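Here's the structure we're looking at; comments come further down.
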Amino acid sequence: MNVSILGTGYVGLTTGACLAFLGHNVTCVDADHEKIAVLERGGVPFYEPHLAELLADAHPNLCFTSEYAEAIPPAQVIFIAVGTPPGKDGAPDLRYLEAAAHGIGKHLTGEFAVVVNKSTVPIGSGNWVGSLVRDKACEKAKGRFAVASNPEFLREGTALHDSLYPDRVVIGADEEQTAEVLYTLYRPILDQTFQAPPYLPRPEELGAVPLISTDLASAELIKYAANAFLALKISYINEVGQLSEKVGADIAQVAKGIGLDARIGTRFLQAGIGWGGSCFGKDTAALIATASEYGLEMPIVKAAREINRRQRDRVVEKLLSELKILKGRTIGLLGLAFKPHTDDLREAPALDIARKLIERGARVKAHDPVAMDRFRKESESNGRLAEVFCCETPEDVAREADALVLVTEWPQYRELDWEPLAQIMHTAIVLDGRHALDRTRLTRAGFRYVGIAC
Ligand code: UDX
């Protein structure tokens with residue numbers, strides 16, 4: 001099928017690469033000419049494991065452009081995967097979505113096309129996008145398109161795996177004909193009939209992928225409700241973690257003990273400094289904002305957000321309690337990205353923690369295996385974050401530091417040679433913000449080990 005994808009962020013580019021790999025003709029569109037130039041040269045504008053390889057394999061079926069006039073007329077399916085960043089009052093900023101819908105409308109020719117919302121959009125956006133497209137469409141095209149919702153559940157760092165081998169595919173459409181176009185598009189994924197790329201092997205236990213075919217509003221709500229539930233799980237284990245610390249329990253064992261109940265599940269019960277990233281914060285805020293438009297409160301979701309905010313404060317409180325004075329101290333952060341295997345810094349706990357420490361007079365040094373360049377660029381004009389001293393190696397972070405904080409659980413930090421690090425620090429304290437390090441090993445290496453929730 002001929003597919004066009006508007007927006008080449010994590011969601012748009014991953015979707016484009018996967019659909020092209022499956023054999024569809026895909027055009028990826030972005031208003032940012034520089035990004036398009038990078039993609040045309042075979043580059044990838046952000047870090048995502050295996051994306052460069054998949055784009056190279058899918059190359060014959062892929063093209064990149066900034067022109068809607070090129071991308072929209074031949075497309076049978078048009079995905080909107082533009083950014084919906086958080087706006088005021090928690091409601092997302094929809095200006096890119098609006099521009100995309102208008103751009104589609106202007107260039108529809110009258111051949112039947114399905115416009116698919118892939119961006120996380122507020123509930124009710126399907127109808128809104130439909131009206132925006134219609135406003136700009138010529139008479140011939142007005143009744144010749146339909147809108148569908150196909151929310152994305154990919155995690156950064158495992159985006160391609162999550163897209164090729166999803167737990168489920170959700171398709172929201174108000175007419176059967178529209179949904180059928182998308183079943184055809186996703187058939188190779190639903191039936192798992194494609195040949196898996198060697199670098200992304202198919203999980204052995206995977207059978208056919210379940211399809212949830214529903215109305216527009218339900219599909220839109222599924223996305224928010226799923227992300228809010230995952231955020232709740234993390235905040236729940238972090239709340240239990242606070243109590244666990246007081247009573248001297250082992251939170252990892254507690255999480256395992258409750259998670260092995262199949263009704264609960266073991267995933268997203270990893271205690272630590274809480275969630276970051278572009279989705280959980282934004283989507284929980286948007287859910288609360290939508291509910292309030294209907295006169296509803298969402299006290300559980302609000303509490304999850306509050307607990308997550310507090311986890312970051314706890315890092316500063318713990319350092320204060322260890323060092324007594326933060327002014328003039330040097331704190332080293334291991335990890336800047338909001339989680340391992342990405343260079344994404346959106347809502348990254350490290351940024352918040354660095355800011356709080358600098359405000360209290362500490363000097364902050366930091367290292368990240370892949371996010372350093374992005375951090376340098378983004379922090380340049382970002383208030384006090386510009387004061388963070390970027391280090392080339394974890395050793396440079398440790399040198400003369402009063403404490404190290406493990407903020408992002410990159411595998412290479414687990415494997416560090418801790419003994420020499422303890423020797424070059426001013427005081428050998430490590431705060432394990434992700435419950436990821438081996439306490440016994442660190443203690444043997446000469447560290448005072450401080451945990452979150454332990
Ligand atoms: C998330 C959802 O998982 C995905 O389905 C959705 O479409 C987009 O948002 P992502 O933000 O890429 O994906 O990362 P995810 O792996 O979900 O982690 C989010 C944050 O939660 C990270 O900061 C991570 O460190 C934290 N986390 C995750 C925990 O603190 N504990 C856990 O047990 C799991």
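As the structure is a prediction and not an experimental result, all values here were calculated from the model. The analysis underlying the following values was restricted to heavy atoms, covering all of them including side chains, and did not include hydrogens, waters or symmetry mates. Counting starts at 1 for both ligands and their atoms, following the listed order.
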Restricting to heavy atoms, the pick from W275, F153, F268, Y10 nearest atom 20 (C) of ligand 1 would be W275
So which of K223, Q270, K282 gets nearest to atom 32 (C) of ligand 1, if we judge by its closest heavy atom?
-> Q270
Close approach of R434 to ligand 1, heavy atoms, under 4.0 angstrom = yes
G274 near ligand 1, heavy-atom distance under 4.0 Å?
-> yes
Can you tell me how far [atom2] of [Y] sits from [atom1] of [X], rounded to the nearest 0.5 angstrom?
X    : Y    : atom1 : atom2 : result
L13  : L51  : CG    : CG    : 5.0 Å
K339 : E156 : NZ    : CD    : 6.5 Å
L357 : I331 : CG    : CD1   : 6.0 Å
F280 : I234 : CZ    : CD1   : 5.0 Å
I273 : K318 : CD1   : NZ    : 12.0 Å

How far is [atom] from its nearest protein heavy atom, and which residue and atom is that?
atom                    : result
atom 3 (O) of ligand 1  : R155 CG, 3.3 Å
atom 28 (C) of ligand 1 : I234 CD1, 3.5 Å
atom 14 (O) of ligand 1 : K339 NZ, 3.0 Å
atom 6 (C) of ligand 1  : N227 OD1, 3.4 Å
atom 19 (C) of ligand 1 : F280 CE1, 3.6 Å

Hey, does N308 have a side-chain heavy atom less than 4.5 Å from the side chain of R312?
-> yes
Would you mind running through ligand 1 and noting each atom that sits below 4.0 Å from a heavy atom of [X]?
X    : result
E156 : 12 (O)
L269 : 33 (O)
C279 : 8 (C), 9 (O)

Is it the side chain (CB and beyond), the backbone, both or neither of L154 that lies under 4.0 Å from ligand 1, heavy atoms counted?
-> backbone
When the ring planes of F194 and Y165 are compared, do they come out parallel, tilted or perpendicular, using 30° and 60° as the limits?
-> parallel
Does G276, backbone or side chain, put an N or O under 3.5 Å from an N or O of ligand 1?
-> yes
Between Y224 and T290, do the side chains contain an N or O donor and an N or O acceptor separated by less than 3.5 Å?
-> no
Salt bridge between R95 and E98, side-chain N to carboxylate O under 4.0 Å?
-> no
